[in-house]
Amino acid sequence: MTSREPLFQRVAIIGLGLIGGSLASAIRKNNLAREVVGADQRKEDLLLGQSLGVIDTIAETTAEAVQGADLVVLAVPVQATRKVLEEIRPHLAADAILTDVGSTKSSFVKDVEAVFGEFLPCIIPGHPIAGSERSGIRAADPDLFSNHKVILTPPDNVSSAHLAKLQVLWETCGATVLTMSVAYHDEVLAATSHLPHLIAFSLVDTLAGEDQNMDIFRYAAGGFRDFTRIAASDPVMWHDIFLSNRDAVLREIDHFTNDLDQLRTAIADQDGATLLRVFSRAKAAREHFSKMLSGQAYVTNNSENQVTFRLQPGGSVTGDIRVPGDKSISHRSIMLGALAEGITEVKGFLEGEDSLATLQAFRDMGVAIEGPDNGFVRIHGVGMHGLQAPRGPIYLGNSGTGMRLFTGLLAAQPFESELTGDASLSVRPMNRVADPLRSMGAVIDTAEGGRPPLKIRGSQGKKLIGIHYDMPVASAQVKSCLLLAGLYADGTTSVTEPAPTRDHTERMLSGFGYKVDREGPTASVTGGGKLTANRIDVPADISSAAFFLVAASIAPGSDLVLRHVGMNPTRVGVINILRQMGADIEVMAEREIGGEPVADLRVRSAELKGIDIPEDQVPLAIDEFPALFIAATCATGRTVLTGAEELRVKESDRIQVMADGLAALGVETTVTADGIIIEGGQTIKGGSVHSHGDHRIAMSFAVASLRASGEIEINNCANVATSFPGFVELAKETGINISAEGSETDAEERSH
Ligand code: S3P
């Protein structure tokens, strides 16, 4: 570094407190300037700064510090900003960058405008989100900003060269730089930093003022200490911050006192339900803090959080396992439980990202939900008309089912709502539900091409009107969406499907005491009824079991038992197709639990043969084709799939993405508009596969390793957690040679 030209010639730090001193020493440590000069009203701090090696040179006045500086950093208390700006203005070099480190940005902008008459392109407000309850130059730490965020709020006319230089400075000090508008910065900080500091100061002060304060502090538990740590922060600095960010802070205080008052009332009224609702929502939010911080709610598919699967070839699959709960039933258990009267208890709930997103969405609409705790969830139903407007957009992550079903439900609510999702969900078609809902009277705006986000106007006192809908595609999601809307509509809503699709909604509505008429391909409900709480035992997901059915079939020497698998006749296409290909699947202990057929399955290796997949099986195996393509590759002879264009609009284009992945492993296929042709018996070579963030693609290629000739690497696998948490461990347990890198836990640890 020493041989390289430093980024700046002379950096002037005005104000040598904790932040100014830390930045000065970080600049020196990283050789970012030829000279760091400090100015401060307190002479002794300057001398100390120099003797500690925080600064190179002492300036007698701010004017002297600024002369010849190509970077000037204001690190003074926010309220002193204007005076310092007035002092430095005549001495500031024309192309010097001027920045600050204050916690409020609109006040800085106002001060700059008052002193300079305009906002110059070289002035870039900044705010490092780092600190310590210690203050002053003695606490200066060159690593204070490492792994912390720095927010810059550049003006529209900012000089991009200056902005880039300032960004490099902060990044070299170890920080991550974000840019945002001044107003947004102040709103966000009022909520996440200023309000918590105010509460901490106030709480400690209240307790300190009580008669027995010594005793109270003596008995204070660790929670009090953690919670009030920030009350030891610098009073002058915080007094400035609150005075400067007045409006945004007042809004947050009002919001908070209103909510605190609600809790007070709940305690006074012995209203346990409200306490439980608020506490469980907060607990869930806190537990998922890091994910929510990255704006990803419950979904892990972001660039900082990549998971790669690595598989060694070969192996056989044995053991006795139970895969996680059914995703479709888990979503619906929360939805119907929330709308029911009474308490619904769910066993075997899928704790995957998709169904957790649904669970959180209902918490956000005021429903108290306990758990999930090892698959157990208790939902305190609010009745058909008890949902409350969510405070912000509902984020559904990767879940198409969530988005389509919520659209039907929310179109009938009296409040407005917005549904958003991750990158994959954001390109999936939503007009298939928006169009029929519009003909029921719903008002729904989509983004271009009928994509999410969806803005749902809400019924606004007008009821939806029941319709009859002939579905152009066989989709359980569309059917379920319309039936949910139909619960609220005037008259009867009926849906006819072109081919049978999963009927969990109909079965579960009946289980919750709501009458559903079924006549051949048509299901109908009449609006205005109610749901009564129920107990639900979620079977293991046949769609997750499918990976192991294929795995044990293709890997020689395999013998695996899968317990408690859901065997709903609208879901068993994968078993029908595999058996037709010659698979050895034994169905044992068939039983019915909570309205759904369940069985244990024993699967042993078999010589599979290629088939023409019957089109009537396509909707019954719609999610299982990625795994079935692997079975077809390992079979002898040709497998032909037709009538499956729906696969192109799933979490990825599953026809193309599977064909590309197979090609990467040396397997040739022929892609058609509505399916694929796979010549069996080709060697699966080692290689690197793109999963396109699609959980089922990732798991299918993991299974392919059992018959591969080399190592397979699969990227972007974080979304396996949407439907199959614990897949890697379970696969390993059965004999698949899998390891995962960059798991979610690693990523979370890194972020702390
Ligand atoms: C689902 C229906 C299917 C399926 C999805 C879950 C459901 O989608 O692919 O994974 O829970 O209703 P379509 O109904 O759009 O085919």
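When a ligand or atom number is given, it counts from 1 through the structure's own listing order.
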Student: Below 4.0 Å, non-hydrogen atoms only: which portion of Arg502 touches ligand 1? Side chain, backbone, both or neither.
Tutor: side chain

Student: Below 3.5 angstrom, do we get any N/O pair linking Ser475 and ligand 1?
Tutor: yes

Student: How long is the span from the CG atom in Asp354 to the CG atom in Leu396, to the nearest 0.5 Å?
Tutor: 9.0 Å

Student: For atom 10 (O) of ligand 1, which protein heavy atom lies nearest, and how many Å away is it?
Tutor: Asp623 OD2, 2.8 Å

Student: Write out all pairs satisfying ring-ring contact (aromatic ring centres under 6.0 Å, His included) with one or both partners inside residues 323-358, taking only residues at least two apart or from two chains.
Tutor: none

Student: Identify, by atom number and element, the atoms of ligand 1 in contact range of Thr401, meaning under 4.0 Å from any of its heavy atoms.
Tutor: 1 (C), 5 (C), 6 (C), 7 (C), 11 (O)

Student: Does any N or O of ligand 1 fall below 3.5 Å from an N or O anywhere on Arg332, backbone included?
Tutor: yes

Student: With only distance considered, is Val478 within less than 3.5 Å of ligand 1 through an N or O on each side?
Tutor: no

Student: Does any N or O in the side chain of Glu497 come within less than 3.5 Å of the main-chain N or O of Ser475, such that one atom is a donor and the other an acceptor?
Tutor: no

Student: Output the list of atoms in ligand 1 that are nearer than 4.0 Å to some heavy atom of Ile622, sorted by atom number.
Tutor: 9 (O)

Student: Only one of Thr501, Asp503, Asp541, Asp623 forms a side-chain hydrogen bond (donor to acceptor under 3.5 Å, both in side chains) with Arg571, so which one is it?
Tutor: Asp541

Student: Run down the list His331, Gln477, Arg432, Lys650 and name the one with the heavy atom closest to atom 16 (O) of ligand 1.
Tutor: Lys650

Student: Quick test of your reading: applying ring-ring contact (aromatic ring centres under 6.0 Å, His included), list the pairs with at least one residue in residues 509-535, sequence neighbours left out, ordered by first then second residue.
Tutor: none

Student: Classify the ring geometry of Phe625 against Phe629: parallel below 30°, tilted from 30° to 60°, perpendicular beyond 60°.
Tutor: tilted

